[in-house]
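Just so it is clear, the structure is predicted and the values come from calculations on it, not from any experiment.
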Amino acid sequence: MWPTLVRCGPVSLSSYGAILAVAFLVAIGVAAHVTKRTLRDVSPLSHTAVMDWGGWVILGGILGGRFLYVVLNWEL
């Protein structure tokens with residue numbers, strides 16, 4: 001696997017970041033599909049609510065992971 005997929009000046013796209021983004025999008029898509037097709041009578045969430053919550057979950061996961069990394073690697 002290449003560490004860097006695309007480099008455009010000072011901005012680069014790493015392969016890990018690209019795969020992680022694809023995994024997040026696939027997981028949200030699968031959750032929305034399951035909610036729309038199989039859980040429509042059971043779940044109070046709609047297709048759009050799952051998509052909205054997915055964005056917030058991604059943001060919280062990234063920020064929470066970064067916060068935990070900083071806390072665990074804090075050097076005074």
Side-chain angles (χ1 to χ4, degrees):
M1 178 162 46
W2 297 306
T4 304
L5 292 177
V6 177
R7 184 177 304 261
C8 183
V11 178
S12 63
L13 176 65
S14 68
S15 57
Y16 179 75
I19 295 297
L20 191 61
V22 168
F24 277 136
L25 293 175
V26 167
I28 290 173
V30 167
H33 177 73
V34 167
T35 302
K36 187 176 183 181
R37 297 287 180 206
T38 60
L39 298 176
R40 75 179 137 217
D41 298 330
V42 179
S43 176
L45 292 175
S46 66
H47 173 263
T48 33
V50 171
M51 299 293 277
D52 291 343
W53 274 102
W56 288 110
V57 167
I58 289 172
L59 183 64
I62 291 171
L63 292 177
R66 179 50 94 182
F67 176 74
L68 184 62
Y69 176 80
V70 169
V71 167
L72 293 177
N73 294 306
W74 190 276
E75 293 185 19
L76 297 173

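The CD1 atom of I28 sits 15.5 Å away from atom NE2 of H33, with the distance rounded to the nearest 0.5 Å.
Cluster membership for V6 and W2, using ILVMFWY side-chain heavy atoms within less than 4.5 angstrom, is shared.
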For S12 and T4, what are the C-alpha separation, side-chain angles and deciding distance, and is it a side-chain contact (heavy atoms from CB on, under 4.5 Å)? CA-CA 7 Å; S12 63; T4 304; 3.8 Å; yes
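For L20, the side-chain contact (heavy atoms from CB on, under 4.5 Å) partners are Y16, F24, not counting sequence neighbours. Applying the side-chain contact (heavy atoms from CB on, under 4.5 Å) rule to A31 yields the partners V50; only residues at least two apart in sequence or on another chain are considered. Under the side-chain contact (heavy atoms from CB on, under 4.5 Å) criterion, L72 pairs with L68, sequence neighbours left out.
Clustering of Ile, Leu, Val, Met, Phe, Trp and Tyr by side-chain heavy atoms under 4.5 Å joins V57 with none of the others. Cluster partners of L63, using a side-chain heavy-atom cutoff of under 4.5 Å among ILVMFWY residues and allowing indirect links, are W56, L59. V11 forms part of no hydrophobic cluster, judged by ILVMFWY side-chain heavy-atom separations under 4.5 Å.
V22 pairs with exactly one of L25, V26, I19 by the side-chain contact (heavy atoms from CB on, under 4.5 Å) rule, that one being V26.
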